[in-house]
Amino acid sequence: MRDDPSSLPLRLSGVRYSVGEATLIPALSLTLGGHGITVILGPNGAGKSLTLRLCHGLIRPTAGSVEWLGPGAATIRRRHAMVFQRPVMLRRSARGNLIHALALAGFGYRSRRTAAGAALERFGLIDLADRPARVLSGGEQQRLALARAWSLRPEVLFLDEPTANLDPTATRAVESMIEEFVRDGIRIVMTTHDLGQARRLADEVMFLNRGMLIEHAPAASFFDQPRTKEAAAFLRGDLLC
Ligand SMILES: Nc1ncnc2c1ncn2[C@@H]1O[C@H](COP(=O)(O)OP(=O)(O)OP(=O)(O)O)[C@@H](O)[C@H]1O
């Protein structure tokens with residue numbers, strides 16, 4: 001568990017995001033605090049990835065605000081990281097990719113080698129350490145991307161469909177890593193299209209449709225008693241309009 005001051009809660013107030021004439025997110029307000037795993041659900045094009053990108057600061061709202069409100073929010077070191085559906089690996093070994101990310105984050109020569117070794121050990125990647133990262137399988141690359149994010153010690157980790165295109169064994173391996181992150185005190189915010197995975201992992205669910213937050217509820221009540229007809233239809237597998 002971390003003992004440094006938290007940068008959470010994260011508050012989005014009246015966030016609009018437009019590209020040209022198109023308003024993709026009309027008005028999003030939400031607060032993320034506490035611990036555990038928030039799963040963002042919704043049909044294709046609902047705005048799940050855009051919401052993660054807005055939270056992480058990869059894109060800026062056209063209107064409204066994204067604010068980290070905790071006492072640790074002002075510290076210089078970036079407190080949040082994001083892992084994408086298709087991880088970007090540099091043309092170097094698995095270990096080299098970790099060391100490079102740690103160097104960019106300001107780790108010294110010795111400490112980045114130690115931290116990279118620790119991440120490879122911790123997540124069962126040591127046998128792959130010297131292989132070129134780009135020849136690793138999709139599941140191995142995703143585990144390496146997660147280990148790379150973990151090694152940077154983020155407080156919050158945004159994961160965009162971390163198991164898309166992975167087989168059940170690789171999916172399970174990634175889910176185990178996510179559960180370990182939570183045990184380490186990392187706050188997870190992730191998207192998935194896998195409802196089984198959402199049920200296995202989520203502490204709370206944010207359900208989006210057409211760029212709007214329709215429900216934000218504890219996972220048990222969302223799955224057992226969705227409050228809106230849109231969420232109920234989504235859980236039944238019906239098409240939403
Ligand atoms: N730069 C952009 N320019 C125009 N439209 C965009 C842009 N980025 C996203 N969109 C549109 O915004 C909508 C929401 O996109 P987003 O990627 O957040 O959806 P999503 O919920 O993650 O969908 P999926 O489940 O298919 O990944 C989509 O209709 C998408 O086409």
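One-based numbering, in listed order, for ligands and for the atoms of each.
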(request) Starting from atom 26 (O) of ligand 1, locate the nearest protein heavy atom and write down its residue, its atom name and how far away it is, to 0.1 Å. (result) Asn44 ND2, 2.8 Å

(request) Identify whether the distance between the nearest side-chain nitrogen and carboxylate oxygen of Glu180 and Arg122 falls below 4.0 Å. (result) yes

(request) Give a yes/no verdict on whether any heavy atom in Ala22 is under 4.0 Å from an atom of ligand 1. (result) no

(request) Establish, from distance only, whether the side-chain atoms of Gln142 and Thr163 form a donor-acceptor pair under 3.5 Å. (result) no

(message) Which residue and atom name correspond to the protein heavy atom nearest atom 2 (C) of ligand 1, and how close is it?
(response) Val19 CG2, 4.0 Å

(request) Output yes when a protein non-hydrogen atom is found under 4.0 Å of atom 13 (C) of ligand 1, and no otherwise. (result) yes

(message) With nothing but distance in play, are any N or O atoms of Gly45 less than 3.5 Å from an N or O of ligand 1?
(response) yes

(message) I'd like to know if the side chain of Thr38 pairs up with that of Arg187 as donor and acceptor (distance under 3.5 Å, no hydrogens or angles considered).
(response) yes

(message) Is it the case that the side chains of Asp160 and Ser49 hold a donor-acceptor pair, with the cut-off being a distance below 3.5 Å and no angle test?
(response) yes

(request) Considering heavy atoms of the protein only, find what lies nearest to atom 27 (O) of ligand 1 and give residue, atom and distance to 0.1 Å. (result) Glu161 OE2, 3.4 Å

(message) Can you confirm whether some protein heavy atom lies under 4.0 Å from atom 31 (O) of ligand 1, or whether none does?
(response) no

(message) Taking the cut-offs as 6.0 angstrom to the six-membered ring centre and 45 degrees off its axis, would you call Arg148 and Trp150 a cation-pi pair?
(response) no

(message) Is His193 close enough to touch ligand 1? Criterion: a residue heavy atom under 4.0 Å from a ligand atom.
(response) yes

(message) Starting from atom 17 (O) of ligand 1, what is the nearest protein heavy atom, named by residue and atom, and what distance separates them?
(response) Ser49 CB, 3.6 Å

(request) Please identify each residue that fulfils salt bridge (charged side-chain N to carboxylate O under 4.0 Å, His left out) with Glu67, with sequence neighbours left out. (result) Arg11

(request) Note the single closest protein heavy atom to atom 10 (N) of ligand 1, along with its residue, its atom name and the distance in Å. (result) Leu24 CD1, 3.5 Å

(message) Considering both backbone and side-chain atoms of Tyr17, is one of its nitrogen or oxygen atoms within less than 3.5 Å of a nitrogen or oxygen in ligand 1?
(response) no

(request) Tell me which protein heavy atom sits closest to atom 18 (O) of ligand 1, plus the residue, atom name and distance to 0.1 Å. (result) Leu50 N, 2.9 Å

(message) Pair Asp194, Arg199 - check salt bridge (charged side-chain N to carboxylate O under 4.0 Å, His left out), show working.
(response) CA-CA 9 Å; Asp194 178 343; Arg199 286 178 188 272; over 6 Å; no

(request) Kindly give the heavy-atom pair with the smallest separation between Gly14 and Ser29, and that separation in Å. (result) N-OG, 2.9 Å

